[in-house]
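Whatever order the structure lists them in is the order used to number ligands and atoms, beginning at 1.
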Amino acid sequence: MAALCFMLLMSIFSTFIQAIPTSINQGVARRSVTVDLHRNPAYAPNGPQQYYRALKKWGVDIPNDVDDVTNSFMGGDSGDTNAESIMGDREYLSRVGFGTPFQYLNVDLDTGSADVWVFSSETKVKSPREDIYKIEKSSTAELMNGTTWRITYGDSSHASGKAYHDSIDIAGIPLHKAVVQSAVSVSESLASDKDLDGIFGLAYNLESQVTPKQPTVLQTLKDRLDKPLFTADLRYQSDEGAYTFGYIDPDRHVGKIMYTPLLPNSTFWEFNVTGLHVAGQNIWYLAQWRVIADTGTTMMLLSPDIVNMYYSAVPTAKQDVAFGSLWTFPCNTTLPDFKLGFANGWVATVPGKYMNYTGIEDAPGKCMGGLQPFFSEDFGILGDIFLKAVYAVFDLAGGRVGFANKELDL
Ligand SMILES: *[C@@H]1O[C@H](CO)[C@@H](O)[C@H](O)[C@H]1NC(C)=O
Ligand SMILES: *[C@@H]1O[C@H](CO)[C@@H](O)[C@H](O)[C@H]1NC(C)=O
Ligand SMILES: *[C@@H]1O[C@H](CO)[C@@H](O)[C@H](O)[C@H]1NC(C)=O
Ligand SMILES: *[C@@H]1O[C@H](CO)[C@@H](O)[C@H](O)[C@H]1NC(C)=O
Ligand SMILES: *[C@@H]1O[C@H](CO)[C@@H](O)[C@H](O)[C@H]1NC(C)=O
């Protein structure tokens, strides 16, 4: 079932990590508590809202009455949050608050899954974790008795636990009685990522794994937004990236946003691309390839024919048996740009620099490509390697994705 496979995206990458245990230590962007002070100039002034945000930004507890005032006085809501690169772009983490007062955790906003779960005071772990959702410290946490969840990822890593109704602060937008999934059991591969405090699913129209069935956080959030959309501006090895909710940030893109409809009945952010081009070759390959836009997957994972086509333009690249048949090349290789065409005429360019994912520490001088083959589904995954190169709009009401160029750090 597509839905199940799709929770797996992060773990497809974990498989790669396991194959290359030390490869991800280069270019480490350490987690720091960044407060994103970037402001949207298009905001209409809203006193209570600004006050609320200011309190939140400086970590002041929000008195309950202020919270209520901001809720009732705001027509629609909008805001932004950071998207900070962790460990050479292995993942991007964002600050999201849980409970009352809000406890801020670094979670992976993941457009490829629908569950919102966090490490909590209930999570059984071998070594204590610093940042967890302390349920007993939240005055608004209410156990949803009889409600459970379990996610199994592709490499058989998994998380499971209980669910609470509690408050969430996403991008300065307070949600009440949202479904917060508290992990009781988490597999070692997830627990070993010390930067990750949880995963925040934002898949288009996918149900969460909570039983009995509950609305997803995204469904709860959607009705609150000024405009029913969010955007991702992931940045190459940088903590300057951001997600915006409820508005499009004109400062973060260049030129027009070009929209592509989602495929019928999509539960993911799934659409077709219609052309491929490798810089330096004078041919465009035209066909239809189904892909999903997935912020929770590190790499760009496409069908083997596309991948072979790309690396055939890189004479020094080879599928390396020593490294789980990943495509590798000498680190001094200059990679060509990779272009994807859309039916609306727009062309996305992933610069050659971005196509080089990382060095392999066990094999000095050897690097690994950000484009790798994906065998197990009939569609491909445009993960972070692709998304870093574009400004992406996830339009919930329109059932479409939009892409635009942005200034890149090359
Ligand atoms: C939860 O449900 C179980 C059985 O349905 C019941 O025995 C228990 O008292 C309930 N707990 C709370 C806190 O409501
Ligand atoms: C979409 O869902 C509707 C209703 O379930 C169904 O009738 C239709 O065939 C589906 N379309 C596709 C392309 O799967
Ligand atoms: C998308 O591409 C698939 C082939 O991968 C094709 O069967 C389908 O008709 C396309 N859908 C649209 C809406 O273009
Ligand atoms: C890359 O390094 C290898 C030695 O490791 C050398 O033989 C080759 O000429 C270099 N290529 C370029 C393009 O610098
Ligand atoms: C590829 O990435 C590695 C690790 O970040 C770096 O050492 C290497 O210089 C890069 N190669 C090129 C050609 O950019």
Q) Just checking, any donor-acceptor pair under 3.5 angstrom between side chains of Asp249 and Thr244? A) no

Check: of Leu335, Thr334, Asn356, Thr358, min heavy-atom distance to atom 10 (C) of ligand 5 comes from Asn356

heavy-atom search around atom 3 (C) of ligand 2 in the protein gives Asn265 ND2, 3.6 Å

Centroid separation under 6.0 Å, is that true for the rings of Phe403 and Phe386?
yes

For Cys367, the atoms of ligand 5 under 4.0 Å from one of its heavy atoms are 1 (C), 2 (O), 3 (C)

Is a side-chain donor-acceptor pair under 3.5 Å present for Thr216 with Ser208?
no

Atom 9 (O) of ligand 3 sits nearest the protein heavy atom Gln288 NE2, 4.5 Å

for atom 13 (C) of ligand 2, nearest protein heavy atom and its distance come out as Pro264 CB, 3.7 Å

Under 3.5 Å, is there a donor-acceptor pair between the Ser182 and Tyr133 side chains? no

Assess the side chains of Thr140 and Asp166: does a donor N or O sit below 3.5 Å from an acceptor N or O?
-> yes

Numbered in order shown, the ligand 3 atoms found under 4.0 Å of a heavy atom of Leu263 are 11 (N), 12 (C), 13 (C)

Practice item. State whether any protein heavy atom lies less than 4.0 Å from atom 5 (O) of ligand 2. Key: no

Near Gly359 (heavy-atom distance under 4.0 Å), the atoms of ligand 5 are 4 (C)

Decide if the gap between the ring center of Tyr236 and the ring center of Tyr354 is smaller than 6.0 angstrom.
yes

heavy-atom search around atom 1 (C) of ligand 3 in the protein gives Asn272 ND2, 1.5 Å

